[in-house]
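Each chain gets a letter, A, B and so on, in the order its sequence line appears, and its residues count up from 1.
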There are 2 protein chains.
Amino acid sequence: MQEKGLLIVLSGPSGVGKGTVRKELFSQHDTAFEYSVSATTRLPREGEQNGVDYFFKTREEFEEMIREDQLLEYAEFVGNYYGTPVEYVRETLDAGRDVFLEIEVQGASQVRNKFPDGLFIFLAPPSLSELENRIVTRGTETEDIIKGRMKAAREEIEMMELYDYVVENDHVENAADRVKSIVVAEHCRRERVQHRYKKMLEVE
Amino acid sequence: MQEKGLLIVLSGPSGVGKGTVRKELFSQHDTAFEYSVSATTRLPREGEQNGVDYFFKTREEFEEMIREDQLLEYAEFVGNYYGTPVEYVRETLDAGRDVFLEIEVQGASQVRNKFPDGLFIFLAPPSLSELENRIVTRGTETEDIIKGRMKAAREEIEMMELYDYVVENDHVENAADRVKSIVVAEHCRRERVQHRYKKMLEVE
């Protein structure tokens, strides 16, 4: 019997570096899980490719996916929709392979309801002030937007409660290594593997 | 305030290769936990050093340690005592460093009672028949002893229930890597780190 894959969910405050950690993970040849590309209505940033970084959708297209129940989760964030197409996730898990989602915190709690035994990882800033620096140095935001994001970040750090693990994004390579260690460890959790050994005893 | 270190307990059936995995771990320069040397009344095997592999004790010395409550756990196994001197463990944990114990399954359940939030890892054979091969190829045991050990191994695999993680000892390097990943992951568990972030919110 094929065992199901693990659903790995990486989330955290806006600006903490989720996308950078995800790119680091998928640039490493020994990363053994598959990336579920999100859909979004936001415009591509420089260098972002459709179908690789996101599936870029119009607002109309996205709302059709919502109506047709094609999304595992979705959220509206700073005026744009972000969501996870459900079909790829289910097919990959059913084939026994691990799937990795990088999503906003609003979406993560929707996924938790549908996949309670998923592996939920919260990417945390080394400090809130560091988070502010990162948002400021992106250099494209007004002071009001920055203040609004800081408030959101405080609320999101309080949302840590819903997660299994917290990974501090001190350096992207360290954060990526910790995520990989967490996935290895989860595959070793007794609850997940015990039935294999019970079978071994029955057979002999 | 100094946070306490993690207590890491590696255990598993006799013959599964606990000592080999432990040696592999402590031969790697980036292993960030400290080895708690056990005490035993069994005779040194070739190459084993007092104070490095074990503290080798007479039966009388060992029973005095039991009476004076100097052992975190102890077990009698194939006619010999094995135990963990408690003082080193407590001092190292209090100093915020992780301590690694490699002990028999009988001892592990005693430690579980005293350190319920320790990290309990069960080292498992790839299959029971493989376990039998390993015990046979050590080449120093009679058939009755081998059969007795097989029965014990079946019972011990059923004892997996008490552990947090199961690491299959398919290859010693893989098993050691999984143990290290588990320790990294445990340091990221939300319950363990959440209070740090709550403090961060209070300070700002």
Pi-cation contact, B:Y163 with A:R190 (under 6.0 Å, within 45°):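 Ring-cation test returns no.
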Gap between atom OH of B:Y165 and atom NE2 of A:H187 - 0.5 Å precision: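 The distance works out to 12.5 Å.
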From A:E191 atom CD to B:E161 atom CD, the distance as rounded to the nearest 0.5 Å: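 Answer rounded to 0.5 Å: 9.5 Å.
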Non-hydrogen side-chain atoms of A:C188 and B:V166 separated by less than 4.5 Å: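 A side-chain contact under 4.5 Å is absent here.
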Close contacts, residues 109-119 of chain A versus chain B, judged by heavy atoms under 4.5 Å: none
Contact residues of residues 173-184 of chain A (partner chain B; heavy-atom separation under 4.5 angstrom): A:R178, A:S181, A:I182, A:V184
Within 6.0 angstrom of A:E143 CD, more than 12 heavy atoms from elsewhere: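 12 or below, so no.
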B:E87, CD atom: more than 12 neighbouring heavy atoms under 6.0 Å: no
Residues in residues 35-44 of chain B that sit under 4.5 Å from chain A, counting heavy atoms only: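 Listed by number: none.
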Residue list, ring-ring contact (aromatic ring centres under 6.0 Å, His included) with B:F120, at least two apart or on another chain: none
